[in-house]
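So that the names make sense, note that chain A is the first sequence line, chain B the second, and so on, each numbered from 1. Since this is a predicted model, take the numbers as computed values, not measurements.
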Amino acid sequence: MPALLIHIRPLLAQSLALCLLATLAPCACGPSPSRPETTKGAPMAAVGRFDPGLGGAISYPTRLTFGSDGSVLVSDVKAGAVFGYHGGRRTLQLSGLGKPLGIAVAGDLLLVGSQARGAVDAYDTAKGKWVATLGKFGVPNAIAVATDGEAAIVDSAADTVIVVGPAPTFKTRLRLGGTGSGDGQFRFPVAVAIDADRIAVADQGNHRVQVFDRSGRWIFAFGHAIPAEATSRADMRGGMTRIQGIAFAGDTIAVLDAYHSHVQVFDRQGKTLGWLGRGGDCETCIGLGLDLAADATGHLWVTDPERGRWIALDAQGGLQP
Amino acid sequence: MKSHPYLICFGAALGLWTASAHAIVQAPHDPAHGVSCADCHVAYAGVNDPAAAQGVAGAGSTSSSLADPMQSWTDGEWVEGVVTIQSGANIGQFRTITANDAQVLSWAQPLPAPLAVGDTYQIGKATQRTIETRCKSCHNPTGVAAATSDVGLHIVGDGTIIGCGKCHEPHNIQPNSGPTQALIRQEIRWPTANAVTAYPSGGTNAFIRPATHDGVCESCHTQTDYHRNNAAGDHSHNASTACTDCHGHKSGFLAQCTSCHAIAQDDGNGVPIGGRRAMMGEFPTTTAHAHFGANLGSSCTVCHSQASHKDGYMDLIDPDDGSVMFTFTKWTDLNSDPDVSTFCMHCHDADGAKRLSTPFDPFGNGNAPPDVASRFKGTLQWQEWYGDQCFGSEGTMRQVNSHHDIGSGDQALSGAKVECLNCHGAHNVSKEKPLADPNATTATWTGTTNEFCISCHAGGSGPVAPAMPAGVTPPTVPLRAMASCGYNTAPWWVEYTYANTAHGGNSKRGWPGYSGAPAYNMNCTTCHDAHGSYTPTNTTGNPYMIRDGVDGTAQVDDGAKTLGFNGPPFTTFGLSRPVTIGISGLNVGWGGGQGLCSACHASYQAAYDWHDYCTACQSCHGHGQSWGEYDFGGGNHSAPCQ
C-alpha cells in the first residue's frame with residue numbers, strides 16, 4: 001500500500017469532499033505496528049504503541065483490521081481518523097471522519113462506520129477518494145468482510161446486523177437481529193465476524209455469541225453471564241461479562257471480554273478451549289480492550305486505547321486452559 | 001428520571017462494598033436501563049488475573065481457611081480479594097476472602113476438600129485501574145454508555161489511579177447528586193481506603209460546585225496550593241468557578257490548556273498579568289489546520305511548556321530538544337523579541353520537530369511543517385538605490401538582504417526587522433490560509449495576497465517613513481518618494497491601487513477601447529518568494545527575493561505589442577523557466593533573455609525600438625507600473641526618463 005495521507009472533510013452526506021494533503025510521501029513515524037516477535041514461553045504477548053509520545057497521531061485506537069497486504073488499519077474515534085501502518089511505518093491517514101468506529105477492508109476499499117455521520121462509507125485509499133455510502137446506521141460499531149466481498153455491519157443502536165453484497169452496489173442482502181433475548185435477537189451487539197459459511201455476532205447485552213449461516217439462518221448461541229455463585233474455573237467456561245470483540249481464528253472463535261481484559265477461545269461448537277491475556281498493570285496486560293482481530297500468523301490483536309497501544313496475543317502458544 | 005427499584009445482591013467484584021447487603025438500586029444502572037447485577041457484579045474477576053500475592057498453604061489450613069506461615073499480611077488487606085487454589089484436590093477453586101490476619105486467609109463457602117500442606121495458591125484483588133476498566137467496559141466510545149465515556153482516569157502525582165467509585169456511587173441508593181450530576185457521592189472516599197469518608201465534617205454537600213472547602217475535589221486534596229480540604233491555603237483561586245471548569249474529567253482532572261483558555265479570563269487579581277487569553281477561538285476548526293488536529297489536547301505542549309506557568313509566564317520551547325527558548329508574560333511581548341523567528345525555524349527546517357516521535361507530523365494531523373529555514377540562508381547583501389539613476393545617484397541608498405530581515409545579522413545590516421509572527425499567526429495559521437493580519441496577528445488574513453504584501457509595502461510620500469504594522473521595523477534609511485524622472489512612486493512600494501497597475505486584474509489596458517490586451521491579476525508571489533531567494537544552486541540569493549524560476553503560464557504576454565494582441569494562448573513562454581537576476585555594481589540585471597521580465601515578455605524587443613539598446617527594464621518600467629506609466633505610453637506621466 002503506498003503511503004497516503006488524506007484529509008477528508010465531511011460536509012453533507014452527498015458531498016463528502018476529499019482533500020489530498022500529501023501523497024506518496026512516507027511520513028516519518030515512531031514505533032508503529034509491525035509483526036510481533038514472540039517466543040514460546042512467557043510472555044506470550046507482544047505490545048506496541050501507535051505513534052507514541054508527544055504529538056503522536058493516534059489518541060484513541062479503537063477498532064482494528066488488517067489489509068490484504070498485511071497492513072494494520074486502526075480507527076481512532078477521538079481523532080476522527082483511520083490510520084494505516086505497514087512495515088513499521090504509517091502509510092495511511094484518513095481524517096475528518098467524525099467518530100469512526102468499525103472498519104474493514106473490502107478489496108481495494110476501506111469501509112468506515114462513522115457514528116457522527118451515521119453511515120458506513122467506502123473509500124478508495126489508493127486514489128484518496130470517497131466511493132460510496134453503504135447506508136445509514138445509528139451506531140456502526142463494527143464491520144467484517146468475507147472473502148467474497150460481502151460485509152456484515154453491526155448497528156448497535158438498532159440491535160441489528162446488516163449484511164450487504166460486495167462492491168460496487170453494496171446491496172443490502174440480510175438484516176439480522178432485532179431487540180430481545182431470544183434466538184436471533186440482540187441486545188447491543190458490538191462486534192461481528194464473518195467467514196465462508198458463518199456469521200458470528202457478539203451479543204454483549206445477552207452475554208453470548210450468536211452464530212448464523214450465511215443465509216441468515218440462526219444456528220446456535222454460546223456464552224452466558226458468569227453466575228454469582230461461581231467458585232471454580234469450570235464455572236467460568238463460557239462466561240462473558242462485557243463481550244467486546246470477536247474473530248474467527250483458524251478453527252476457533254476468539255472472544256474479547258472488555259470487563260475481564262482477556263480473550264476466551266472457543267472451538268467451532270462454542271466449547272471453551274482456554275484463555276489468553278489478562279488485565280492489570282503489567283507490560284503485556286490488557287487495559288481496556290476494545291477490539292479483537294486475527295492476523296494471518298495466528299496472532300490475536302487487541303486495541304488498548306486507554307494506554308494508546310495494541311497487544312498481540314499468541315493464540316497458538318499462549319492459551320491457558 | 002424514574003426507575004424501577006429492585007433488589008441487588010452486593011458482591012465483592014468491584015471492591016466497593018462489603019458482602020451480602022441488599023439495597024434499592026436506582027437509575028441509571030437498573031433493569032429499566034438494561035443493567036442487571038451480573039453486568040457489574042461478577043463472582044470472580046477473571047481467570048487470568050495477575051496475582052497480587054501467591055504462596056503455599058501450610059499446616060492448619062482447612063476447607064475454609066488458608067494458613068501460610070511465610071506471610072506477614074496486614075489485617076484485612078485481602079478482604080474482597082479472591083484466592084485461587086492452583087494445585088491439589090481443590091485446583092481451580094476460588095473464593096472471595098472475607099477476612100485475613102498476618103498469616104491466615106478465610107472465606108465463607110468451604111472448598112470441596114480441606115487444603116493440604118503444599119497446595120499452592122494465588123490472590124487477586126481488584127486494583128483501582130481494574131475497577132476503572134470495568135466501568136469503562138460500558139463507558140467507552142463503542143459501549144452502551146458511550147454518551148458518558150469521554151472521561152479520563154484520575155491520576156495523582158505518583159501515578160496512582162483513583163477509581164471511579166471513590167467519587168461516584170453507581171447504585172444511586174444513598175443521597176447523591178443523581179444521574180444528571182454524574183452520581184457524585186455525598187461522602188467522598190479516601191483513595192487509599194475503601195469506604196472511609198474523606199468528606200470534611202461540616203461540609204454542606206454541594207457536590208460539584210462548591211463553596212469554600214466543602215466540594216468534591218477539596219474532600220481529598222490536602223497538598224494543593226488552592227482549595228485544600230480545610231481553611232488553610234488559598235481559597236480565592238478562581239473562587240467563582242468549579243474546579244472542573246479547568247481541571248476537567250476528560251483530561252483526568254489535569255488542567256488542560258484548552259480548559260483555561262477557552263474564554264478570556266481576568267478575575268481581577270492580576271494573576272496572570274492581563275488575565276487569560278481566549279486563544280481557543282484562534283484555532284480554525286473547519287480547515288485542515290497546520291497546528292490543529294481533530295483534538296487540540298496535548299498539541300499545545302509541542303511548542304509550550306508549563307514550567308513557569310504558575311508564576312505567570314508562558315514558555316516557548318525548542319521543538320528539537322524541548323529546552324526553553326522564550327519566556328513571556330503577554331503574547332504581545334513576542335513582537336519585541338528580536339529572535340522569535342529562530343523558534344519557528346527549529347521546527348520549520350529540514351529535521352522538523354526532531355524531539356518528537358513524529359517530527360514531520362508534530363500535531364498528529366498529517367500536516368508536515370514546511371521547511372522555510374533553508375530559504376533564509378541567502379548571503380546576498382547589497383546597497384540598493386531607489387529609483388532611477390539617469391541623472392546620477394539621486395535616490396536613496398539602503399542596505400538590503402536577499403530575504404526578509406528575520407535574522408539578527410540581517411537586522412543589523414538593514415536596520416529593518418520582521419519576524420515570522422508578523423506575517424503568520426502562531427495559532428490561526430492553516431494550510432489554506434497561512435497568513436495572519438499583520439495588524440492583528442491573532443486573526444487570519446482574509447484579504448488577497450497582494451493586499452497582504454502592500455500592508456507593509458504601501459510606501460509613503462515625502463520624508464515621512466511609511467507606516468508599518470506593530471512589531472515591524474522599516475529600514476533605518478527612510479524610504480522617500482523621489483520626484484525626479486516622474487517617479488512619484490518608487491519602485492519598492494506602491495501607493496496607487498495595485499489592481500489598476502499593468503500587473504493588476506483591473507489594468508486599464510484591458511478596458512474596452514484601450515489596447516485590448518488581457519488583464520491578469522498577478523500575485524506578488526509569482527515573481528517573489530517572501531521566504532527568500534536562496535536555493536541549493538543559488539546560495540547567495542537574488543535581489544528583491546526574485547524566484548529562481550518563474551512560471552509565466554497564466555500571465556504570459558509576449559510583448560510584441562506592435563503586432564497586436566491575439567489573446568491567449570500566446571506563442572512564447574508560458575512554461576516554468578529559470579530566471580537569472582544578477583548584480584553588476586549597483587545595477588540589477590532585470591532584462592535579457594534569462595531575466596525576470598522576459599520570462600513572460602519574451603518579445604519585448606519588438607514592442608519598442610529603444611528596447612534593442614536596453615535590458616534594464618526597471619529603468620523605465622516601475623514595479624507594478626501604473627497603466628499610464630510606461631505600460632503602453634500615453635498616460636499622464638508618459639515622458640520617458642532619458
Side-chain angles (χ1 to χ4, degrees), chain A residues 5 7 9 19 21-22 27-31 51-57 59-60 62 77-81 93 95-96 99 101 141 187-188 190 204-205 207 225-234 236 241-242 244 258-262 275 277-282 285 287-288 290 306 320, chain B residues 9 11 34 36-39 41-50 84 91-95 109 111 127 129-130 132-134 136-138 140-144 146 150 153 286-288 293-295 297-299 301-302 352-353 355-368 431:
Chain A
L5 295 174
H7 180 79
R9 292 180 292 177
C19 174
L21 292 184
C27 62
C29 304
D51 296 344
L54 195 61
S59 61
Y60 203 86
T62 311
V77 68
K78 292 190 177 179
Q93 179 176 327
S95 57
K99 293 183 176 179
L101 295 173
N141 217 331
R187 288 193 186 278
F188 203 75
V190 292
Q204 186 186 83
H207 305 277
I226 296 174
E229 63 274 16
T231 54
S232 71
R233 182 160 294 185
M236 302 295 292
T241 302
R242 203 83 73 242
Q244 178 68 30
Y259 182 97
H260 295 298
S261 298
H262 68 211
W275 288 266
R278 64 182 193 181
D281 295 328
C282 69
C285 286
L288 176 63
L290 278 198
E306 294 292 324
Q320 296 185 22
Chain B
C9 176
S36 67
C37 300
D39 286 321
H41 298 280
V42 181
Y44 182 45
V47 174
N48 292 337
D49 271 4
T84 302
I91 185 170
Q93 291 285 320
F94 55 82
R95 296 291 186 273
Q109 186 177 354
L111 294 167
T127 65
R129 185 179 285 278
T130 55
E132 199 91 47
T133 295
R134 290 165 191 175
K136 287 216 158 191
S137 66
C138 285
N140 71 74
T142 73
V144 70
D150 200 8
L153 305 174
T286 56
T287 60
N295 184 2
S298 62
S299 295
T301 53
V302 172
R355 89 177 194 277
L356 306 180
S357 60
T358 55
F360 297 104
D361 187 11
F363 300 98
N365 55 12
N367 291 337
K431 289 178 72 71

query = Looking at B:Asn140, B:Thr84, B:Asp150, which makes the most heavy-atom pairs under 4.5 Å with chain A?
reply = B:Asn140
key: Side-chain heavy-atom pair B:Asp39, A:Arg242 within 4.5 angstrom cut-off   = yes
task = Please confirm whether the backbone N or O of B:Val302 pairs with a side-chain atom of B:Arg355, one donor and one acceptor, at under 3.5 Å?
result = yes
key: Proximal component of B:Ile91, with respect to chain A [non-hydrogen, under 4.5 Å]   = neither
message = Would you say NZ of B:Lys136 has more than 12 non-hydrogen atoms from neighbouring residues, nucleotides or ligands within 6.0 angstrom?
response = yes
key: Validation row: A:Met236, A:Trp275 side chains within 4.5 angstrom (heavy atoms)   = yes
key: A:Ser261, part contacting chain B, at a heavy-atom distance under 4.5 Å   = side chain
Largest heavy-atom contact set with chain B, pairs under 4.5 Å, which of A:Thr62, A:Val190, A:Thr241 = A:Thr241
Closest-packed option against chain B by number of heavy-atom pairs under 4.5 Å, given A:Leu101, A:Val77, A:Ile226, A:Asn141 = A:Asn141
request  = With a 4.5 angstrom heavy-atom cut-off, could you sort out which part of B:Thr130 is near chain A: side chain, backbone, both or neither?
outcome  = side chain
remark   = When every non-hydrogen atom of B:Ser137 is compared with those of A:Gln244, the smallest separation belongs to O-OE1, 4.5 Å
Under 4.5 Å from any heavy atom of chain A - which part of B:Gln109 = side chain
note = Per-residue tally against chain B (heavy atom, under 4.5 Å) across A:Ala258, A:Ala230, A:Ala225, A:Gly280 peaks at A:Ala230
message = Distance check, rounded to the nearest 0.5 Å: A:Lys99 atom NZ versus A:Lys78 atom NZ?
response = 10.0 Å
